[in-house]
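Here's the structure we're looking at; comments come further down.
The first residue of the sequence shown is numbered 1, and numbering continues consecutively from there.
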Amino acid sequence: MKYKHIEIYTDGGCSGNPGPGGWAFTFKADDLFEKECSGGSPATTNNRMELTAVIEALKASALYQPEKIVINTDSQYVKNGITQWIQNWKRNGWRTAAKAPVKNKELWVALDELNSKLPVEWKWVKGHAGVEGNERCDAMVRIEMDKLLFG
């Protein structure tokens, strides 16, 4: 099935940094089809989980060949990284402006590949501000972390 528009919300987090973490996404395709997905990792960072949420969401939405994908993230790290910083990182051999190696390079490479192949629009939303999709993802992330913390 092919959809015109997919609206995605993503979130990631962890208990401790590093620590047990979770990622989650929700998406709605043409207001007709909804999907949720989440996962976790026993030893990770907030930024890795934020990136993983977006990568997994884009992989899932690519199957539907959308004309437009809107990613709503509460992570400035993800939004700024993919829309502003990544071109300089690549130009500088995956080094930051301070000449340090880019953290989470393998995730950035995966995200860059998906972003370059898909019609993605990036939006930042304030976390914990009552945005329904963001709040749902946050709740799913907490469930994933609790599974790892409490079994």
ILVMFWY network linking I8 to F33, side-chain heavy atoms under 4.5 angstrom: yes
Show every donor-acceptor pair shorter than 3.5 Å between a side-chain atom in residues 10-23 and any protein atom, with sequence neighbours excluded, or say none if there are none.
unit_1 : atom_1 : unit_2 : atom_2 : d
N17    : OD1    : N46    : N      : 3.0

Flag if over 12 foreign heavy atoms under 6.0 Å of CD, E121: yes
Residues which pass ring-ring contact (aromatic ring centres under 6.0 Å, His included) with W122, listed by chain and number, not counting sequence neighbours: none
In one Ile/Leu/Val/Met/Phe/Trp/Tyr side-chain cluster, 4.5 Å: F150, M145: no
Under-4.0 Å salt bridge between R48 and E106: yes
Closest approach of A24 to C137 (non-hydrogen atoms, all atoms of both residues): CB-O, 3.7 Å
Backbone of H5 reached by a side-chain donor or acceptor of D30 within 3.5 Å: yes
Atom pair CG/NZ of N115 and K117 - distance to nearest 0.5 Å: 12.0 Å
Residue pairs, two or more places apart or on separate chains, that pass side chain to side chain donor-acceptor pair (under 3.5 Å) and touch residues 53-64: E56-K59
R136 CZ to T26 OG1 distance, which is reported to the nearest 0.5 Å: 8.5 Å
A60 to F25 - nearest heavy-atom pair and separation: CB-CZ, 3.8 Å
Where at least one partner belongs to residues 87-97, residue pairs that pass side chain to side chain donor-acceptor pair (under 3.5 Å), sequence neighbours excluded: N88-R91, K90-D112
Short side-chain donor-acceptor distance under 3.5 Å, N104 and Y77: yes
Flag, side chain of S75 to backbone of V78, donor-acceptor distance under 3.5 Å: yes
For S38, all residues meeting side-chain hydrogen bond (donor to acceptor under 3.5 Å, both in side chains), sequence neighbours excluded: E144
Worked check of side chain to side chain contact (heavy atoms under 4.5 Å, CB included) between I82 and V120: CA-CA 11 Å; I82 197 65; V120 183; over 6 Å; no
CG on N80 to CD1 on I86, rounded to 0.5 Å: 12.5 Å
Test log, rule side chain to side chain contact (heavy atoms under 4.5 Å, CB included), inputs I55 and L114: CA-CA 8 Å; I55 290 166; L114 289 162; 3.9 Å; yes
Salt-bridge present (E7, K28; N to O < 4.0 Å): no
Spacing of CD belonging to E36 relative to CZ belonging to F27, to within rounding of 0.5 Å: 11.0 Å
Under 3.5 Å, side-chain donor or acceptor atoms of residues 124-133 against the rest of the protein: list the pairs with distances, not counting sequence neighbours.
unit_1 : atom_1 : unit_2 : atom_2 : d
W124   : NE1    : D74    : O      : 3.2

Salt bridge R142-D138, side-chain N to carboxylate O under 4.0 Å: yes
Within one Ile-Leu-Val-Met-Phe-Trp-Tyr cluster: M140 and Y9, side-chain cutoff 4.5 Å: no
Audit row: I6, V70, side chain to side chain contact (heavy atoms under 4.5 Å, CB included) steps and yes/no: CA-CA 6 Å; I6 296 177; V70 177; over 6 Å; no
